[in-house]
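Down below is the structure, laid out as structure tokens.
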Amino acid sequence: MTLALQDVTLVVGRDVHIHPTTITLEPGTLNVLLGPTLSGKTSLMRLMAGLDRPTTGQVMWNNQDVTGVPVQKRNVAMVYQQFINYPAMSVYNNIASPLRLEGLSDKEIDRKVRDTAELMKLTPMLDRRPLELSGGQQQRCALARALVKGADLVLLDEPLANLDYKLREEMRSEIPKFFEESGAIFVYATTEPSEALLLGGKTASLFEGQVTQFDETLEVYRRPLTATTARVFSDPPMNFVSVAKAGNKLLFGEGQNVAAFGKLSTLEDGRYIAGFRPNHLLLEKPEGHFLSFGVEVTVSEITGSESFVHVIHDDDRWVSLVHGVHEPEIGSQIKVHINPAHLYVFDENENLVAAPEIAVAA
Amino acid sequence: MAEIHLKDLAHSYLPHPSGPADYALKKIDHVWEDGKAYALLGPSGCGKSTLLNIISGLLTPSEGQVLFDGEDVSRLPTEQRHIAQVFQFPVVYDTMTVYDNLAFPLRNRGRDEETIASRVKDIAEMLELTPDLNKKARGLTADAKQKISLGRGLVRHRVAAILFDEPLTVIDPHLKWMLRMQLKALHKKLNRTMIYVTHDQTEALTFADKVVVMYEGDVVQMGTPQELFERPTHTFVGYFIGSPGMNVLPAHVDGSEAYVEGCTVNLDRGYRGLSGSNLEIGVRPEFTHLTSGREGLPVTIKRVEDIGRFKIVRADFFGREVNITVPDGQPISPDANRIMFDPNHVNIYSDGWIVNGEAA
Amino acid sequence: MEKTLNNKAWWMVLPVLLLVAFSAVIPLMTVVNYSVQDTFGNNEFYWAGLEWYAEIINSSRFHDALMRQFFFTFVILVIEIPLGIFIALHMPKKGLWASLTLVLMALPLLIPWNVVGTIWQIFGRVDIGLLGAAMDAIGIDYNYTQNIFDAWATIIIMDVWHWTSLVALLCYAGLQSIPDAYFQAAKIDGASRWAIFRYIELPKMHRVLLIAFLLRFMDSFMIYTEPFVVTGGGPGNSTTLLSLDLVKMAIGQFDLGPAAAFSIVYFLIILLLSWVFYTAMTNYDKGESQ
């Protein structure tokens, strides 16, 4: 089953919730919708499910137009951020409920429920009520209900957002396993870039109702085609600096003036925006050709193994992520360094013109 | 500002607790220094909220005392404790402007408008709320509302401690970075005692001078982020802090060598008389390296997760999962089949608790 | 956003539409028809145009009833809304007492209106009523059938007794939905009881208050049964509210034309005032959020 949205839009009153979007989801793939709150992730999911009818455009299942076919008539399952289960039923009956609606035999139901429960590690809790379980187990129950009916499309709307950090980490590494076994189209909405990276698959980055890029997750991460995508897909946030190129000179703020080299020398003259990831902004200058900037330290955060050093360059806030414990004094002036090979260069319309080579990227 | 002494403190929700299992908070005796930032970190149900509620005055502890600068406040109501609190969901007075919100605690305490105006101006400046001062509070974004909540605590001069109860829960990742950084900068600037409750290790580690790790009502470790990372005193801390958590493998220990599934692991310390108890070695994925050849522990690589900045290698060692992190840019050799540990980062645990060896 | 694509819903609504057509729209049209015609019986009708409307709007009888009606509604709103809020604020928030209070508060709402009237009619009687006899015993000259003030006091107290619960229950529901963190934050900020009410409880309650206000306004403006049973509009015409007057005109005197015009005018007044209150309050709401 292939799901395709063709020039789909959603306009409610005067508000455009989804700008024209064309996207094709292949069977057996995990597709992450990544974007901040209100970027249109839920709206897009509702359109895919058939909970809302697009204002314009078509929704195609296997080249068949299903626009306007209500959700009940599509084989869709959905899991939400809130743990939604039938509170009065046992876990067993919760998982069995979609199968009972299909009218399967009791034997068949029993087999499927037990298989799914085993996969979701719920077997010891089958007789319990959902509210007697921990948050993680409740969400497993909701996931089991979605998986058991063998839906063609499984929509997961920030399913781990209400779980503890550590539980989230464990479930996250399990989710790819579930989807590998089912062959359905999985769509997973999240606000967290790290979650998209851990899940792998494909990622669609969303911003203000617009799908800004849709590709393999690592490809979107490594080659964001616009500065917007780069901003959406970076945690900690990507750093930006404006650059002007004139002849063979590169001009950074404060009248810094560097000879163009590397791929920067191939750019046409004009104004550019350069982006670089925090782990490429270094506090100590290694050997070789590096750009150096004078910055003021705002604060540093230490995680035990790494440090986030927040600095201000002109009016831009940057953050440097380095190994070990580094705590330069707040307000002090320091130098930070960046290998130009790690720069993403965007033109004035924020479109990518040069990305780091894969070998040195990420 | 105050030093907080939790003196022989314990709490049970039952009227007559009989065993340790009946306590939501098991007995602790801690002195939290004035002006430092502390984080209470643990999974849900670990007792961190109970402890926070005892400090804020929502709960009266069933045993022991809470002392602020030596003064017993255990039985004082919240309003007499001179604390400030930022909640999980932003609390603002909807009908008031941002200015009035910030002025509210001072007006309630009968300060004159002139003092209030200068104080509110200072705090708004510090929290970057100045452009919003005349707006109604309810129209603002979640992160701005959290800043208002914090601002209402900061405007008051006499505040013993500022408590944060998972304050970043409803904030988007990008804004989370900004707000977290601002909180940290503010702490560095003001040096007020701050207590931050969370289940998110990154938040706890980056914010706090000292992190208090809690598990099943117990404080399992209190230490700096670096201590928690390098020498977790309990395997739970090793698991809970770090992504992925620490690799823990059952072992025998003899002198300065450990034996895991018949393989030898070199240690940088000597251990004696450890044969009887339930022993494990713990090594962080960051200190675990892939090699090939004859040395090290044999593993099969099951999966490599590329998460951009580094790769997580999930490997199988005699039926147990071992995680290895490989930094960005470092290739993974296709014939890697062994792992090695940094000897100075291998910790030994007996019944879950760390054993301090002697310098070899 | 939450719209569904299921057009079958219209078929589900159809029976209700038919029912409303027969029970409301058609009778209303009949009334409109009567209001512009004159009849002397025998099913003979003559076109009267807007004559009845002019007569009603200019009649002092209508003016008096309208004034009495405004006075009644004003008084009960001024009493019931604050009293309802006050009671809601003091109701227990959880536990057995909370459920018990809820049941007690709901009791007056469960009693049929004519029974409420009868209860108070008997309750206030000087010979056998507990209230009347008690007042008499302590030397207060109380008689709602003779004294205008006593008659008014009786119907107002009766309405307050009957309907304050509704306001209180709505406010209680509004109060219960306020997260605990707000109250804790207010304590930490050193807010007084009044400030908590003014800046937390009232703003969080204002939506239910709007509903309570509208319901009580419309209901009290149309009140008929209870005062009819207790005072019958007396003594004299002193408690003859709009609906009582309308019924007297239509059934007592069988002046169908004027009564129909009266009904229409009455209906339009309620509609207009409800709309005015509603827009005023929702606009205030919008203004607040900016």
Side-chain angles (χ1 to χ4, degrees), chain A residues 35-39 134-136 161-170 173 176 190-200 217-218 221-222 231-237 277-280 298-308 310 317 319 321 323-325 330-331 359-362, chain B residues 41-45 141-142 169-178 180-189 198-208 211 223-230 239-245 284 286 303 305-312 314 327-329 331:
Chain A
T37 313
L38 298 180
S39 59
S134 71
N162 281 7
L163 293 179
D164 271 13
Y165 187 89
K166 207 67 196 180
L167 265 175
R168 220 182 277 175
E169 198 177 292
E170 283 169 16
S173 64
T190 181
T191 56
E192 292 183 35
S194 56
E195 193 154 84
L197 283 167
L198 279 164
L199 289 167
T217 300
L218 270 178
Y221 181 78
R222 291 195 165 138
R231 262 182 222 114
V232 169
F233 207 160
S234 55
D235 183 31
R277 298 205 183 270
N279 50 316
H280 294 137
T298 324
V299 74
S300 42
E301 301 176 298
I302 292 145
T303 71
S305 56
E306 294 172 321
S307 307
F308 298 109
H310 296 264
R317 292 178 197 254
V319 54
L321 169 51
H323 277 282
V325 176
I330 293 175
V360 292
Chain B
L41 174 69
S44 39
T141 54
T169 308
V170 294
I171 316 280
D172 258 21
H174 284 77
L175 296 169
K176 222 180 236 185
W177 271 94
M178 282 296 297
R180 207 181 74 198
M181 187 266 283
Q182 284 175 318
L183 280 183
K184 175 88 178 188
L186 217 58
H187 175 253
K188 291 280 171 203
K189 195 162 165 188
T198 180
H199 59 81
D200 185 320
Q201 45 161 312
T202 315
E203 282 175 34
L205 295 168
T206 52
F207 176 78
V211 179
T224 63
Q226 205 177 353
E227 283 163 5
L228 296 180
F229 182 76
E230 288 175 3
Y239 150 81
F240 201 76
I241 285 175
S243 295
R284 294 227 170 253
E286 289 83 352
R303 216 166 61 237
E305 292 168 13
D306 190 338
I307 61 165
R309 206 150 62 71
F310 56 89
K311 297 185 185 77
I312 302 172
R314 312 248 182 215
D328 151 41

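Every value quoted in this text rests on a predicted model; they were computed, and no experiment measured them. Below, chain A is the first sequence line, B the second, and so on; all start at residue 1. FYI, side chains are in, hydrogens and waters are out, and symmetry mates aren't considered; it's all heavy atoms of this structure.
- Considering only heavy atoms from C-beta on, A:His310 stays 4.5 Å or farther from B:Lys184 through its side chain.
- In this structure, the portion of A:Ile330 lying under 4.5 Å from any heavy atom of chain B is its side chain and not its backbone.
- Among residues two or more places apart in sequence or in another chain, the side-chain hydrogen bond (donor to acceptor under 3.5 Å, both in side chains) test is passed with A:Thr217 by A:Thr203.
- Relative orientation of the A:Phe308 and B:Trp177 rings is perpendicular, given thresholds of 30° and 60° on the angle between their planes.
- In this structure, the side chains of A:Ser173 and B:Arg314 come closer than 4.5 Å at one or more pairs of heavy atoms.
- Looking at A:His280 and B:Asp328, their side chains come closer than 4.5 Å, going by heavy atoms from C-beta outward.
- Using a distance-only test at 3.5 Å, with no hydrogens or angles considered, a donor-acceptor pair links the side chain of B:Asp172 to the main chain of A:Thr37.
- Contact check on A:Arg222 versus B:Asp306 returns a salt bridge, with a Lys/Arg side-chain nitrogen under 4.0 Å from an Asp/Glu carboxylate oxygen.
- Under the 3.5 Å distance criterion, the side-chain polar atoms of B:His174 are matched with a main-chain donor or acceptor of A:Arg231.
- Only the side chain of A:Glu169 comes within less than 4.5 Å of a heavy atom of chain B; its backbone N, CA, C and O stay farther away.
- With contacts defined as side-chain heavy-atom distances shorter than 4.5 Å, the pair B:Phe310/A:Asn279 does not qualify.
- For B:Arg180, the salt bridge (charged side-chain N to carboxylate O under 4.0 Å, His left out) partners two or more places apart in sequence, or in a different chain, are A:Glu301.
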